Asks: 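Below: one structure in structure tokens.
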There are 2 protein chains.
Amino acid sequence: MDKREKIITTAMNLFSQKGFEGTSVREIASAAGVNIAMINYYFVSKEKLFESVVEYKTSATRTMFAELDSNTALSPIEKVDKIIDRYVERMFAAPKFSHLLHRELSLSHRPKLHHAITEILLQNIFTIKTFLQKNIEKGVFKKVDTELTVCTIIGTISNILVSEEMCRKMLRKNKDFNPYQSKKLKERISEHLKQLMRSHLLKTNKTFKQ
Amino acid sequence: MDKREKIITTAMNLFSQKGFEGTSVREIASAAGVNIAMINYYFVSKEKLFESVVEYKTSATRTMFAELDSNTALSPIEKVDKIIDRYVERMFAAPKFSHLLHRELSLSHRPKLHHAITEILLQNIFTIKTFLQKNIEKGVFKKVDTELTVCTIIGTISNILVSEEMCRKMLRKNKDFNPYQSKKLKERISEHLKQLMRSHLLKTNKTFKQ
DNA sequence: TGAAATTAAACAAACGTTTAATTAATTTTT
DNA sequence: AAAAATTAATTAAACGTTTGTTTAATTTCA
């Protein structure tokens, strides 16, 4: 890995753990094993480094929902299942980075970064929303509030993963339970959301695994 | 309002807007109209001030869910409705403070504060969870994942309110729409969650306002 | 008179950033 | 292909600010 990339991944980890203001440039440089001046040399400023981190991390997963949307082999409710699975997968793969985005989103004193994150997240939201709307028009799904339904899916997942300690205590697990590594929890969340969405979206009284 | 309280409310607003590290003690002192030394005189340190802010804000609403729980005049699903109404109300009353809590919760480098917030939020979660469990045992509600159901309610609301700009764009509103002041949005979220919870929890096929 | 409240000033430490000098790598010229 | 010239990468040190906190003197109030 070249130094530029090493700085980005190190910064991502530190920003995720301690926030933007809570992480110093010296800390990043030291953890990445580079001279402190290299950071300004490559990224101009700390804020620009942050933007690079966001861009680096989200570019890979940007097309995920769009690809899923164009897959026509699945039934509407099966697609909902897939959307849930993929989103849960994505959040579990990098929970701390998701927190970083949400944290920055809830702050208002760095407008540029705020705007950039908003645009990134909106893409995913609109893809799902449009999918739901189409199937409501077709008469396949109930006439639900599509925008808030997307919020429910995303909000549920990010809420559970907001803190390891919180998650453990809420689920009454002991100290050696690691939420972010638990395959069981991942499946449990998927199951819950699928069941929730089936009763929410489907007109007929099909109950799911219950 | 005495100076101590003035410092707390000013700090709350600034911490909410700019985060803990993003707010300086000088800034708080200046905005509160007090000498900078007064903050350490009253609160010993910046971190202790933060803890005082959290304590001050949450003490008032701490008993809310417990009181609601002991109200026996309502049917189970009506109580769910009330829980949703109250929670939405609470979040809309101080959205930025909610973000402050969630932001701090997603960081791991101030363990003391992290722990304090966890305990505060857990009280509400367990009250709702226990209520759901009781009604599942009685056979009134379906056998759902109670813990994740609570996450869904809380997560949906906090996800929508995470950012004003995000909310506006997601709901396709124009610039002069103020999400945090919108009574309509508040009702819309309540409606969505009530409908969601009825299809999720109720065994019979009662659909709600649809 | 004595305790509490308030102040301006200073504290050391940490912050993000820049400088200027040096080494490494690449390109151009012979 | 070797030498020279040019660009890029890297470094230690210092830059001026800002940070949270403390001091010691003064004012306020009981």
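Everything quoted here is computed from the prediction, not taken from an experiment. All chains are named by letter (A, B, ...) in the order of the sequence lines, taking the proteins before the strands, and each is independently numbered beginning at 1.
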Asks: Looking at every non-hydrogen atom in both residues, tell me the closest pair between B/His99 and A/Ser106 and how far apart they are.
Replies: CB-CB, 3.8 Å

Asks: Round to the nearest Å and state the distance from A/Phe43 atom CZ to C/dT17 atom P.
Replies: 13 Å

Asks: Quick one: which of A/Leu107, A/Leu105, A/Leu100 gives a side-chain contact (heavy atoms from CB on, under 4.5 Å) with A/Arg103?
Replies: A/Leu100

Asks: Could you tell me whether the phosphate oxygens of C/dA5, OP1 or OP2, come under 4.0 Å of any side-chain nitrogen or oxygen in B/Lys3?
Replies: no

Asks: Does B/Tyr41 place a side-chain N or O at less than 4.0 Å from the phosphate oxygens OP1/OP2 of C/dT6?
Replies: no

Asks: If you count every heavy atom of other residues, nucleotides or ligands that lies below 6.0 Å from A/Lys48 atom NZ, does the total exceed 12?
Replies: no

Asks: Let me know the distance between CD1 of A/Ile7 and P of C/dT17, rounded to the nearest Å.
Replies: 13 Å

Asks: What is the separation between atom NZ on B/Lys46 and atom P on D/dT18, rounded to the nearest whole Å?
Replies: 15 Å

Asks: Hey, does the side chain of A/Tyr42 come within less than 4.0 Å of D/dT10's phosphate (OP1/OP2), counting only N and O?
Replies: yes

Asks: For a quick test of reading the model, state the closest non-hydrogen atom pair linking B/Cys151 to A/Met170 and the distance between them.
Replies: SG-CE, 3.3 Å

Asks: Between B/Lys82 and B/Glu78, does any NZ, NE, NH1 or NH2 come within less than 4.0 Å of an OD or OE carboxylate oxygen?
Replies: no

Asks: Check whether any side-chain N or O of A/Tyr180 sits under 3.5 Å from a backbone N or O of A/Leu161 as a donor-acceptor pair, and report yes or no.
Replies: yes

Asks: Which heavy atom in B/Cys167 sits nearest to a heavy atom in B/Leu185, and how many Å separate them?
Replies: SG-CD2, 3.8 Å

Asks: At under 4.0 Å between heavy atoms, how does the protein contact nucleotides 25-30 of chain D? Give one character per nucleotide, 5' to 3', with B, S or -.
Replies: ------

Asks: Do B/Lys18 and A/Glu21 meet the salt-bridge criterion of a basic N to acidic O distance under 4.0 Å?
Replies: no

Asks: When the distance from NZ of B/Lys48 to C1' of D/dT21 is rounded to whole Å, what number comes out?
Replies: 13 Å

Asks: Separation of A/Asp2 atom CG from C/dA24 atom C1', in whole Å?
Replies: 16 Å

Asks: Would you call A/Glu147-B/Arg172 a salt bridge at under 4.0 Å N-O?
Replies: no

Asks: Can you list, in residue-number order, the parts of residues 14-39 of chain B that come under 4.0 Å of DNA chain D, counting heavy atoms only?
Replies: B/Thr23, B/Ser24, B/Val25, B/Arg26, B/Ile36, B/Ala37

